[in-house]
Amino acid sequence: MAMPRVIAFVWLLLSLLGIACDAQLSSTFYDQTCPTALTTIRTVIRQAVSQERRMAASLIRLHFHDCFVQGCDASILLDDTPSMIGEQNAAPNRNSARGYGVIHKAKTEVEKSCPGVVSCADILAVAARDASFSVGGPSWTVKLGRRDSTTASKTLAESELPHFQESLDRLISIFSNKGLSARDMVALSGSHTIGQAQCFLFRNRIHNQTNIDTGFASTRRRTCPTSGGDEKLAPLDLVTPNSFDNNYFKNLIQKKGLLETDQALFNGGSTDSIVTDYSKNPTAFKSDFATAMIKMGDIEPLTGLEGQIRNICGAVN
Ligand code: HEM
Ligand SMILES: *[C@@H]1O[C@H](CO)[C@@H](O)[C@H](O)[C@H]1NC(C)=O
């Protein structure tokens, strides 16, 4: 064989073994090894969302909180052990992240037909897509082939995930550190068109801030007083909290963002024009959201021989 052919052959072998240096995710990853994986996951997610609409929000957020900490490797699903303090009790997740049970259910169902093949990290990515679609959001082709981590880190979760009072500059830089643009950040924040937040996370906003609609602030203060009721929920999108639409952006223009970081996206800064754009053009928002979710799903995956395919999502094999 001529030299270039030898190189091509070796490369082919390596990629078949999945250990090419820049192993890529691929939407057809399970086509041969577990052709029923995607429909099985979809059935579980649809059922969970039809039981509780908010679950769609919780599942999208779970994928986000996974991907920003060590990459999309299902680290968030690892339970604490005597030797490892994981991410579930990190400040942004404790008493806040939800949907773990639905992911475990999907994993259990997938394991029945293809034991040991489909990673928990991929299940999180597919669940987020199916959750979006199930409440009127966009769908997209999910890239697959992520593997699961053998570690998780409370410290990393607390340093990598955005805090609820970050400035716009900090938000832009936190997302930029993950390869996501300001436009991606605004589009992804648009998932606050669904789901709920707890009083202690927006208390300062509704009692102390001035860039807020006064009627909106007083409505919210009724169930979120200056002290007490820390866990009382309010919808992140006051108009249509159960549908994935662009009302979130319309709210921001009316100074009715619930979190400080929501209103920061439309407060006289560089992202105002993106918010205005999405408030007028729901199609652009949905299309950019899908693109940004695919980019987010690409953050530092474990591939090839890295990590493992966990047998159960809550523990290392
Ligand atoms: C830009 C920085 C972000 C900050 C500071 C932030 C912060 C928050 C906070 C404080 C909550 C409420 C949690 C609670 O009350 O327990 C929340 C909820 C939520 N976040 Fe974000 N978030 C951000 C970006 C994102 C992104 C990028 C996504 C997804 C792609 C996302 C999806 C969600 C969803 C869907 C909910 C509702 C969850 C539910 O109802 O269970 N967020 N976020
Ligand atoms: C309002 O801001 C002050 C000063 O930062 C703070 O001490 C106080 O706790 C805030 N009030 C509420 C209800 O968050």
Side-chain angles (χ1 to χ4, degrees), residues 48-49 52-68 72 90-100 102 124-125 127-129 131-132 135 137-138 140 160-178 180-210 212 217 220-221 224-237 241-244 248 252 257-265 271 275 285 288-297 299:
V49 174
E52 190 207 3
R53 292 282 280 185
R54 185 186 173 197
M55 190 50 72
S58 307
L59 291 169
I60 292 173
R61 186 167 185 241
L62 212 48
H63 180 45
F64 161 48
H65 282 207
D66 178 35
C67 291
F68 267 54
C72 311
N93 294 331
R94 187 179 51 240
N95 298 324
S96 178
R98 43 201 306 283
Y100 298 105
V102 175
L124 279 169
R129 186 270 312 268
S132 165
V135 291
W140 56 88
E160 300 294 288
L161 287 166
H163 189 256
F164 64 97
Q165 292 178 311
E166 309 281 8
S167 67
L168 177 60
D169 284 353
R170 284 273 306 144
L171 289 174
I172 291 173
S173 99
I174 290 166
F175 279 70
S176 148
N177 287 340
K178 304 291 173 190
L180 298 166
S181 67
R183 195 174 181 87
D184 294 328
M185 188 270 289
V186 174
L188 290 171
S189 297
S191 57
H192 289 178
T193 178
I194 51 173
Q196 307 274 326
Q198 303 176 69
C199 163
F200 76 95
L201 296 162
F202 57 83
R203 174 176 282 135
N204 184 63
R205 164 110 180 104
I206 60 173
H207 289 281
N208 267 338
Q209 292 204 304
T210 52
I212 187 166
R220 284 291 160 263
R221 283 187 215 129
C224 183
T226 49
S227 70
D230 282 11
E231 289 158 31
K232 284 271 174 61
L233 295 172
L236 284 156
D237 167 4
N242 285 318
S243 337
F244 198 106
Y248 168 79
L252 297 186
L258 186 63
L259 302 176
E260 292 174 45
T261 49
D262 291 327
Q263 200 58 58
L265 306 181
T271 50
V275 171
F285 161 51
D288 285 2
F289 179 77
T291 304
M293 285 295 283
I294 295 169
K295 271 174 89 172
M296 190 177 85
I299 299 175

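Each ligand, and each atom within it, is numbered from 1 in the order the structure gives.
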Could you list the atoms of ligand 2 found under 4.0 angstrom from a heavy atom of [X]?
| X | answer |
| --- | --- |
| His207 | 13 (C) |
| Arg203 | 13 (C), 14 (O) |
| Asn204 | 1 (C), 2 (O), 10 (C), 14 (O) |

Side-chain donor/acceptor of [X] to backbone N/O of [Y], under 3.5 Å:
| X | Y | value |
| --- | --- | --- |
| Thr271 | Leu265 | yes |
| Thr261 | Glu166 | no |
| Ser176 | Ala182 | no |
| Arg53 | Asn242 | yes |
| Glu231 | Asn95 | no |
| Gln263 | Leu252 | yes |
| Arg203 | Cys224 | no |
| Asp184 | Ser181 | yes |
| Ser189 | Met185 | yes |
| Arg61 | Ser191 | no |

Original post:
Can you name the residues that form a ring-ring contact (aromatic ring centres under 6.0 Å, His included) with Phe175, not counting sequence neighbours?
Top reply: Phe68
Taking [atom] as the reference point, report whether a protein heavy atom occurs under 4.0 Å from it.
| atom | value |
| --- | --- |
| atom 11 (N) of ligand 2 | yes |
| atom 14 (O) of ligand 2 | yes |
| atom 2 (O) of ligand 2 | yes |

Is the closest N or O pair between [X] and ligand 1 shorter than 3.5 Å?
| X | result |
| --- | --- |
| Asn95 | no |
| Gln196 | yes |
| Thr261 | no |

Original post:
Going by heavy atoms in the side chains, are Phe289 and Phe244 under 4.5 Å from each other?
Top reply: yes
Ignoring hydrogens, what is the shortest heavy-atom contact between [X] and [Y]? Give both atom names and the distance.
| X | Y | result |
| --- | --- | --- |
| Ala131 | Ile60 | CB-CG1, 4.1 Å |
| Ala197 | Leu258 | CB-CD2, 4.0 Å |
| Gly297 | Cys67 | CA-SG, 4.3 Å |

Report the nearest protein non-hydrogen atom to [atom]: residue, atom name, distance rounded to 0.1 Å.
| atom | answer |
| --- | --- |
| atom 41 (O) of ligand 1 | Ser58 OG, 2.7 Å |
| atom 5 (O) of ligand 2 | Asn208 ND2, 4.7 Å |
| atom 35 (C) of ligand 1 | Ala57 O, 3.1 Å |
| atom 27 (C) of ligand 1 | Leu188 CB, 3.5 Å |
| atom 15 (O) of ligand 1 | Gln198 N, 2.7 Å |

Original post:
Which N, O or S atoms belonging to the protein are less than 2.8 Å from atom 21 (Fe) of ligand 1?
Top reply: His192 NE2
As an exercise, identify every atom of ligand 1 less than 4.0 angstrom from a heavy atom of [X].
| X | answer |
| --- | --- |
| Leu171 | 1 (C), 2 (C) |
| His163 | 5 (C) |
| Leu201 | 10 (C), 12 (C), 13 (C), 14 (C), 15 (O), 16 (O) |
| Ala197 | 12 (C), 15 (O) |
| Arg54 | 39 (C), 40 (O), 41 (O) |

Subject >> Selection from Ser96, Gly99, Ala292 by shortest heavy-atom distance to atom 16 (O) of ligand 1 >> reply: Ser96
Original post:
In terms of the angle between their ring planes, are Phe164 and Phe200 parallel, tilted or perpendicular, with boundaries placed at 30° and 60°?
Top reply: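 Rings of Phe164 and Phe200: perpendicular, over 60°.
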Subject >> ligand 1 contacted by Phe175 (non-hydrogen, < 4.0 Å) >> reply: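 The answer is yes, since Phe175 has a heavy atom less than 4.0 Å from ligand 1.
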